[in-house]
**Q** 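Have a look at this one.
Keep in mind it's a predicted model, so treat the numbers as computed, not measured.
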Amino acid sequence: MMKKVESSTVRANLITRSLIPENKETPIQFLKDDNISHKLFYRRNHFSYPNFLTSFYYLPIEGSVYSSKTFSMQEILTFPPKTLKVVLECAGDKRDLFNPKVFGEQWEKGAISQGSWKGVPLRTLLQFTGLHADAKEIVVEGYDVGERTDSNEIVHFSRSLPLEKALDSNTIIAYEYNGYPIPFKHGYPLRLIVPGWYAMASVKWIKRIKVIDKKFKGPFQSVDYVYYPHEDNDNESVPVTTINVNSTIQKPLDMQILKTGIHEIKGIAWTGVGKITKVDISLDNGATWNACQFTSSTENHAWTHWSYIWEIKEQGEYTILIKATDSEGNVQPEKPMWNRKGYGYNAIERIKVKIE
């Protein structure tokens, strides 16, 4: 008599890019929903995970303010909350696609995830401290700390926001992700969420906030996360901020072999300003373009799912191109803006498939 074999559940896993610090990528074909499980949310760290006690968690705000104040976690939870669906994309997403190649973590297409973040607007907390007339930037410092490769100095991961972005009602100090406390690996107990900007701005494990009256010069702002358009000098460098309009094909995968017949091509598109208004596809290497259908709503700060039904009867190799357009008129370029550190890749999405 044959024994019945129990079918085991197959789970998707993150793709490891480095272990110390832990950097892991989301397999793009599994980004099927709008709220991604924290287990599949990509991980980007500059140092080892911080080691601190959270039983008595306090958040100080100091600097160019009228009244420094320290908020307890319990106090933060009493303020009117805001919940936002936000896509977080690493500035180095798709770095592996740059030509010529650039040094750094060789992310493919999965340094991007999305979910629902709940917290209190940063401006709510700043109303209690006030801002001096000479205040220029808000610095947010994380508990993650370590040595950089370019110096022996021990530094915390810190970033600043200009006042306009810091006081935007959608810039929040988040304490929940998808209805639960933020998982430790994604910034528990408090994480800054800056919709529309690349995710380096969304500082994890917030230690303190400082208002300053000059330009912040921390290494993760003045050295890293800067577009350097020239290989051999720093001329014309500009800071990395807003997410570029972008798209990714999730199905089929690059270099996949398919049979003749009807196939659904699908993926996601997103942008840092406004919302996605159009996604076009080319099945003849860019000679002609057709509109894709949206299969989810289009919202600010969130990705849009799209699909296209392709009936193919001829065998051979095909190049599939995708380009997205947003409500500000931004369109994915044919070529990316090459830069020395490999940030902001958003060239027209391109894959090859073989039909047998």
**Q** Report the C-alpha separation of Val139 and Ile209 in whole Å, then their side-chain angles, then the decisive distance to 0.1 Å, and conclude whether the side chain to side chain contact (heavy atoms under 4.5 Å, CB included) test is met.
**A** CA-CA 6 Å; Val139 180; Ile209 294 171; over 6 Å; no

**Q** Ring centroid separation for Tyr345 and Phe98, is it under 6.0 angstrom?
**A**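 Yes, the ring of Tyr345 comes within the 6.0 Å limit of the ring of Phe98, centre to centre.
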
**Q** For the CD atom on Glu334, are there more than 12 heavy atoms of other groups (residues, nucleotides or ligands in this structure) within a distance under 6.0 Å?
**A**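 Open.
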
**Q** Tell me whether Gln256 at atom CD has more than 12 heavy atoms from other residues, nucleotides or ligands lying less than 6.0 Å away.
**A**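 Atom CD in Gln256 is packed in, count exceeds 12.
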
**Q** Check whether Asn23 reaches the backbone of Ser18 with its side chain - one donor and one acceptor, N or O, closer than 3.5 Å.
**A**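 Side chain of Asn23 to backbone of Ser18: no pair is present.
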
**Q** Is there a donor-acceptor pair closer than 3.5 Å between any side-chain N or O of Thr298 and the backbone N or O of Thr304?
**A**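 Pair absent, no side-chain N/O of Thr298 close to backbone of Thr304.
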
**Q** Please find out if less than 6.0 Å separates the ring center of Tyr177 from that of His186.
**A**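 Ring centroids of Tyr177 and His186 are no less than 6.0 Å from each other.
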
**Q** Hydrogens and angles aside, do Thr260 and Glu314 bring a side-chain donor and acceptor to less than 3.5 Å of each other?
**A**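 Thr260 vs Glu314: no donor-acceptor pair found between side chains.
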
**Q** Just so I know, are the side chains of His301 and Asn170 near enough to count as touching, which here means a heavy-atom distance under 4.5 Å?
**A**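 Of all side-chain heavy-atom pairs linking Asn170 with His301, at least one is under 4.5 Å.
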
**Q** Of Asn178, Leu88, Leu192, Thr83, which is the lone residue that meets side chain to side chain contact (heavy atoms under 4.5 Å, CB included) with Trp117?
**A**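 Option passing the side chain to side chain contact (heavy atoms under 4.5 Å, CB included) with Trp117: Leu88.
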
**Q** Would you check if Ser48 and Ile20 make a side-chain contact, meaning some heavy-atom pair closer than 4.5 Å?
**A**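 In short, these two side chains touch, coming nearer than 4.5 Å.
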
**Q** Determine, step by step, whether Val226 and Val223 satisfy the side chain to side chain contact (heavy atoms under 4.5 Å, CB included) criterion, reporting the C-alpha distance in whole Å, the side-chain angles of both residues, the deciding distance to 0.1 Å, and the verdict.
**A** CA-CA 6 Å; Val226 175; Val223 179; over 6 Å; no

**Q** Could you walk me through whether Asn235 and Ser237 pass the side-chain hydrogen bond (donor to acceptor under 3.5 Å, both in side chains) check?
**A** CA-CA 5 Å; Asn235 296 341; Ser237 61; over 6 Å; no

**Q** One pair to check against side-chain hydrogen bond (donor to acceptor under 3.5 Å, both in side chains): Ser113 and Thr26. What are the steps and the verdict?
**A** CA-CA 7 Å; Ser113 298; Thr26 307; 3.3 Å; yes

**Q** So does Gly344 get a backbone contact from the side chain of Asn244, meaning a donor-acceptor N/O pair under 3.5 Å?
**A**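 It does hold such a pair.
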
**Q** Decide, yes or no, whether a salt bridge links Asp96 with Lys101 under the criterion of side-chain N to carboxylate O below 4.0 Å.
**A**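 Here Asp96 pairs with Lys101 in a salt bridge, since their nearest N and O are under 4.0 Å apart.
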
**Q** Please verify the inter-ring angle class for Tyr42 with Trp107; under 30° counts as parallel, over 60° as perpendicular, anything in between as tilted.
**A**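 Ring orientation, 0 to 90° scale: perpendicular.
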
**Q** Taking atom NZ of Lys215 as the centre, does the number of heavy atoms from other residues, nucleotides or ligands within less than 6.0 Å exceed 12?
**A**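 Open.
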
**Q** In sequence, state the C-alpha distance, the side-chain angles, and the governing distance for Ser247 and Gln332, and then conclude on side-chain hydrogen bond (donor to acceptor under 3.5 Å, both in side chains).
**A** CA-CA 8 Å; Ser247 65; Gln332 285 181 259; 2.6 Å; yes

**Q** Sub-3.5 Å donor-acceptor pair from the side chain of Tyr49 to the main-chain atoms of Pro21, do we have one?
**A**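 Between the backbone of Pro21 and the side chain of Tyr49 there is no qualifying donor-acceptor contact (under 3.5 Å).
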
**Q** In Å, rounded to the nearest 0.5 Å, how long is the span from OG of Ser297 to NZ of Lys275?
**A**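 Atom-to-atom, Ser297:OG and Lys275:NZ are 8.5 Å apart.
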
**Q** Using side-chain heavy atoms (C-beta onward) and a distance below 4.5 Å, is Thr248 in contact with Lys94?
**A**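 Yes; the side chains approach each other to less than 4.5 Å.
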
**Q** Quick one: does Pro252's side chain get under 4.5 Å of His263's, heavy atoms only?
**A**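 Of all side-chain heavy-atom pairs linking His263 with Pro252, none is under 4.5 Å.
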
**Q** Tell me whether Lys165 at atom NZ has more than 12 heavy atoms from other residues, nucleotides or ligands lying less than 6.0 Å away.
**A**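 Yes, enclosed.
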
**Q** Just how far is it from atom SG of Cys292 to atom NZ of Lys266, taken to the nearest 0.5 Å?
**A**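 Answer for the SG-NZ pair, Cys292 versus Lys266, is 13.0 Å.
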
**Q** So, taking the atom named NE2 in His38 and the one named CZ in Arg43, what distance separates them when rounded to the nearest 0.5 Å?
**A**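 Those atoms lie 8.5 Å apart.
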
**Q** Less than 6.0 angstrom separating the ring centers of Phe71 and Tyr58, yes or no?
**A**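 No, too far apart.
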
**Q** Looking at the rings of Tyr225 and Phe216, which for Trp means the six-membered one, are their centres under 6.0 Å apart?
**A**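 No, they do not, as the ring centres are separated by 6.0 Å or more.
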
**Q** Would Trp338 and Tyr228 count as a ring pair (Phe, Tyr, Trp, His ring centres under 6.0 Å) here? Give the steps.
**A** CA-CA 9 Å; Trp338 188 92; Tyr228 298 103; over 10 Å; no

**Q** Between the side chains of Arg159 and Glu141, is the shortest nitrogen-to-carboxylate-oxygen separation below 4.0 Å, so that they form an ion pair?
**A**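 No salt bridge links Glu141 with Arg159.
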
**Q** Test your reading of the model: is there a side-chain donor-acceptor pair from Asp280 to the backbone of Trp289, 3.5 Å cut-off?
**A**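 No, the answer is negative, given that no donor and acceptor are paired below the 3.5 Å cut-off.
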
**Q** Within this structure, what is the CG-CD1 distance for the pair Leu190 and Ile182, rounded to the nearest 0.5 Å?
**A**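 So the gap between those two atoms works out to 7.0 Å.
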
**Q** List the steps, then state whether salt bridge (Lys or Arg N to Asp or Glu O under 4.0 Å) holds for Asp34 with Lys85.
**A** CA-CA 8 Å; Asp34 280 345; Lys85 191 195 304 178; 3.2 Å; yes

**Q** Assess whether atom NZ of Lys185 is packed by more than 12 heavy atoms of other residues, nucleotides or ligands within 6.0 Å.
**A**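 Enclosed: over 12 neighbouring heavy atoms sit under 6.0 Å from NZ of Lys185.
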
**Q** Would you find a donor on one side and an acceptor on the other, under 3.5 Å apart, between the side chain of Thr171 and the backbone of Leu167?
**A**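 No, because the side chain of Thr171 does not come within donor-acceptor range (under 3.5 Å) of the backbone of Leu167.
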
**Q** Under a 4.5 Å cut-off applied to non-hydrogen side-chain atoms, are Thr325 and Ile276 in contact?
**A**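 The answer is no; the side chains never approach within 4.5 Å.
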
**Q** Under the criterion ring pair (Phe, Tyr, Trp, His ring centres under 6.0 Å), which of Tyr143, Phe220, Phe157 is the partner of Phe47?
**A**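 The passing option is Phe220.
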
**Q** In the structure I gave you, are the side-chain heavy atoms of Glu108 and Arg17 within less than 4.5 Å of one another anywhere?
**A**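 Yes, side chains in contact.
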
**Q** Between Glu349 and Lys323, is there a side-chain N and carboxylate O pair less than 4.0 Å apart?
**A**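 Salt bridge: no.
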
**Q** Any salt bridge linking Arg148 with Asp224? Criterion: basic side-chain nitrogen under 4.0 Å from a carboxylate oxygen.
**A**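 Salt bridge present between Arg148 and Asp224.
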
**Q** For the residue pair Phe184 and Trp205, categorise the inter-ring angle as parallel (less than 30°), tilted (30 to 60°) or perpendicular (more than 60°).
**A**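 Rings of Phe184 and Trp205: tilted, 30 to 60°.
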
**Q** So, Asp144 and Lys204, do they make that salt bridge, N to O below 4.0 Å?
**A**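 No salt bridge links Asp144 with Lys204.
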
**Q** Less than 4.0 angstrom from a charged side-chain N to a carboxylate O is my criterion; do Glu62 and Arg208 meet it?
**A**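 Counted as a salt bridge, because a side-chain N and a carboxylate O are separated by less than 4.0 Å.
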
**Q** Salt-bridged, Asp234 to Arg340, with N to O below 4.0 Å?
**A**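 Salt bridge between Asp234 and Arg340, a charged N being under 4.0 Å from a carboxylate O: yes.
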
**Q** Backbone N or O of Tyr198 within a donor-acceptor pair of the Glu89 side chain at under 3.5 Å?
**A**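 A pair under 3.5 Å: no.
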
**Q** Mind checking the CH2-NZ spacing from Trp306 to Lys278? Nearest 0.5 Å is all I need.
**A**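 Reported value, rounded in 0.5 Å steps: 15.0 Å.
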
**Q** Hey, do the aromatic rings of Phe79 and Phe128 have their centres closer than 6.0 Å?
**A**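 Yes, the ring centres sit under 6.0 Å apart.
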
**Q** Tell me, with the steps shown, if Leu283 and Tyr308 meet side chain to side chain contact (heavy atoms under 4.5 Å, CB included).
**A** CA-CA 11 Å; Leu283 299 158; Tyr308 184 85; 3.8 Å; yes

**Q** Is Asp33 reaching over with its side chain to a backbone N or O of Ile36, donor-acceptor style, under 3.5 angstrom?
**A**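 Such a contact is absent between Asp33 side chain and Ile36 backbone.
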
**Q** Answer yes or no: is there an ion pair linking Lys354 with Glu317, defined by an N-O contact shorter than 4.0 Å?
**A**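 Salt bridge: no.
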
**Q** Side-chain contact test, heavy atoms from C-beta onward, threshold under 4.5 Å: evaluate it for Pro27 versus Leu40 and give yes or no.
**A**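 A side-chain contact under 4.5 Å exists here.
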
**Q** State yes or no: do Val120 and Leu122 share one hydrophobic cluster built from I, L, V, M, F, W and Y residues joined by side-chain heavy-atom distances below 4.5 Å, directly or via other members?
**A**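 Same cluster.
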
**Q** Salt-bridged, Lys69 to Glu75, with N to O below 4.0 Å?
**A**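 Salt bridge present between Lys69 and Glu75.
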
**Q** Please answer whether the main-chain N or O of Lys109 pairs with a side-chain N or O of Glu25 as donor and acceptor at a distance below 3.5 Å.
**A**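 Pair found, side chain donor or acceptor close to backbone of Lys109.
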
**Q** Is there a side-chain contact between Tyr227 and Glu236 (heavy atoms, below 4.5 Å)?
**A**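 No - every pair of side-chain heavy atoms lies 4.5 Å or more apart.
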
